[in-house]
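Below is one structure, written out as structure tokens; comments come after it.
Note that ligands are numbered from 1 as they come in the structure, with each ligand's atoms numbered from 1 the same way.
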Amino acid sequence: MSLIVTKFGGTSLATPERVLGVAQRLVDYHQAGHQVVAVVSAMGKSTDDLLRLANSVNPNPPARELDQLMATGEMVSMSIVAMAVEALGVQAVSMTGRQAGIVTTEVFNKAKIAEIQADRILSELASGHIVIVAGFQGITRTGDITTLGRGGSDTTAVALAAGVGADVCEIYTDVDGVYTCDPRMVPAARKLDAISYEEMLELAAAGAGVLQMRSVEFARNYGVVIHCRSAFNDNPGTLVKEASAMEQAIVSGIAFDKSESKVTIRDVPDRVGIAAEVFGAIAAANINIDMIVQNISEGGSTDISFTVPAGELARLRPVLDSAIANLGIREYLVDESIAKISVVGAGMRSNPGVAARMFKTLADNNVNIGMISTSAIRISVVIDGAQIETALAALHTAFGLDSDNLFEETQLSGEELAAKAAKGR
Ligand code: ADP
Ligand code: ASP
Ligand code: MG
């Protein structure tokens, strides 16, 4: 008997039929003698609907009330899934974040899990129930409902898997696993059988939304192996785990992020402490920025560019306006049509030339690079958002990531493979 923690995303629960499909999977595990916990996300796009609803009555909804509202999405799912399990003849109990003992920090909208008090879950499992937990939500020590940031149900699942000492943590989603790039943007993307925590962390941080970054951090810190797989078939997915036994690919994946804007502050006086003042003011407003580039100074002043989530621009503008007034900065420009592309691979450490190949590939495809940043295993560039598909496809090919579909689709018979090959696809 194993203790299995599963997680199902919104698309996997979008219709009553899919909910029954999820329930059947849980019941199958239960009937095979396993103890089963399922973490569920809000059905379909209902979190987006709730956000729209909030914005329609208040363009700047209070963070606490937003969490009260957003948490309802997962509560619909948990009870519906529990009902579906009961309809299949197995006892189920649904739990909110509070009932499941998920204690978080006090930060609304992006709380972190501080502790899991797993006794209630464990006793329900011991009495033979399938336990359904609302993902994405928790409770502060003072009793307020919090949410964990978009995509946070992944983190609920991994934290619970660590908290209850699960044997397996399965994250079911709407693709077959983690691919070399988002298969919806790069049709040639290839599913990875395994990826290291380190690389998955970089990909998630660079925009690969298939797993929330915090969930990968949790998995690495607590040694939870994640099996990311499809809710719609039984194909093996991708294992996210320690690197040890894996060969280190030079580049294992490419991520992109279209959600950031580029801000350039013009003619910043080139004197000690200016950057500290500008970025100090931004930090004081609790606005996270990403890449920063400062140009060579000319005539005593310089330009500084940085990227920021587009959703933070409204809060950033007044901060920069007062910086301009206080520091004698001439102006700032905002470019909302950028995209960031990141190439990630642990093998970069020992293989020089990745940056050169990346830049040459972009140049050959007429893609101009606006900004560059790197970590030990990642190179990121900012480009014009309109060129994102061209750039992704070219880089995917240049780094040898394109799938050889003929070998991937092992369900096909030899004759079918031959027919496909003949068609030259
Ligand atoms: P869920 O609702 O199950 O949490 P998400 O939409 O959050 O699903 O994540 C799955 C989606 O992540 C996929 O449909 C895919 O478009 C996107 N995605 C982005 N990068 C990748 C990648 N490298 N591999 C697989 N999917 C990716
Ligand atoms: N429902 C939440 C969201 O849409 C959490 C999740 O899906 O993981 O972000
Ligand atoms: Mg998700």
(request) Would you indicate which of Gly177, Ser252, Gly237, Ala208 comes nearest to atom 25 (C) of ligand 1 when only heavy atoms are counted? (result) Gly177
(message) Tell me the protein heavy atom at minimum distance from atom 13 (C) of ligand 1, and give that distance in Å.
(response) Asp174 OD1, 3.5 Å
(request) Considering only NZ, NE, NH1 and NH2 on the basic side and carboxylate oxygens on the acidic side, decide whether Arg229 and Asp176 come within less than 4.0 Å. (result) no
(request) List in chain and number order the residues that pass side-chain contact (heavy atoms from CB on, under 4.5 Å) with Glu312, two or more places apart in sequence or in another chain; answer none if no residue qualifies. (result) Ile287, Val308, Pro309, Arg315
(message) Under 3.5 Å between any N/O of Ser12 and any N/O of ligand 1: does that happen in this structure?
(response) no
(message) Please determine whether a side-chain nitrogen of the Lys or Arg among Arg141 and Glu106 lies less than 4.0 Å from a carboxylate oxygen of the Asp or Glu.
(response) no
Give every donor-acceptor pair under 3.5 Å between a side-chain atom in residues 150-166 and any protein atom, sequence neighbours left out.
residue	atom	partner	partner atom	Å
Arg150	NH1	Asp48	OD1	3.1
Arg150	NH2	Asp48	OD1	3.1
Ser153	OG	Ser41	OG	3.1
Asp154	OD1	Lys7	NZ	2.7
Asp154	OD2	Gln212	N	2.9
Thr155	OG1	Gln212	OE1	2.4
Thr155	OG1	Ser215	N	3.1
Thr156	OG1	Phe136	N	2.9
Thr156	OG1	Gly152	O	3.3

(request) Taking only Lys NZ, Arg NE, NH1 and NH2, and the carboxylate oxygens of Asp or Glu, determine whether Asp364 and Lys360 approach each other closer than 4.0 Å. (result) yes
(request) Report yes if Gly10 has an N/O atom closer than 3.5 Å to an N/O atom of ligand 1; otherwise report no. (result) yes
(request) Report yes or no: does a heavy atom of Cys181 sit under 4.0 Å from some atom of ligand 1? (result) yes
(request) Apply ring pair (Phe, Tyr, Trp, His ring centres under 6.0 Å) to Phe8 and list each qualifying residue two or more places apart in sequence or on a separate chain. (result) Tyr172
(message) Could you check whether atom CZ of Arg378 has more than 12 heavy atoms from other residues, nucleotides or ligands sitting under 6.0 Å from it?
(response) yes
Exercise answer, ligand 2 polar atom pairs (N/O) under 3.5 angstrom:
residue	atom	partner	partner atom	Å
ligand 2	1 (N)	Thr47	OG1	2.8
ligand 2	1 (N)	Glu74	OE2	2.6
ligand 2	4 (O)	Thr47	OG1	3.4
ligand 2	4 (O)	Arg150	NH2	2.9
ligand 2	7 (O)	Ser41	OG	3.2
ligand 2	8 (O)	Gly151	O	3.4
ligand 2	8 (O)	Gly152	N	3.3
ligand 2	8 (O)	Ser153	N	3.0
ligand 2	8 (O)	Ser153	OG	3.2
ligand 2	9 (O)	Arg150	NE	2.7
ligand 2	9 (O)	Gly151	N	2.8

(request) Please work out which of Arg190, Lys191, Lys7 has its closest non-hydrogen atom nearest to atom 4 (O) of ligand 1. (result) Lys7
(message) Applying a heavy-atom cut-off of 4.0 Å, say which part of Val175 lies close to ligand 1: side chain, backbone, both or neither.
(response) side chain
(message) Within the protein, is there a heavy atom lying under 4.0 Å from atom 20 (N) of ligand 1?
(response) yes
(message) Could you check whether Gln24 and Asp28, counting side-chain N and O atoms only, form a donor-acceptor pair closer than 3.5 Å?
(response) yes
(message) Could you identify the single nearest non-hydrogen protein atom to atom 23 (N) of ligand 1 and state the distance to 0.1 Å?
(response) Tyr179 O, 3.0 Å
(request) Compare Leu203, Ile254, Asp182 and give the one whose heavy atom is closest to atom 17 (C) of ligand 1. (result) Asp182
(message) Between ligand 1 and Gly151, can you find any atom pair, the residue atom being a heavy atom, that is separated by under 4.0 Å?
(response) no
(request) Give a yes-or-no answer on whether the side chains of Gln387 and Thr390 include a donor-acceptor pair shorter than 3.5 Å. (result) no
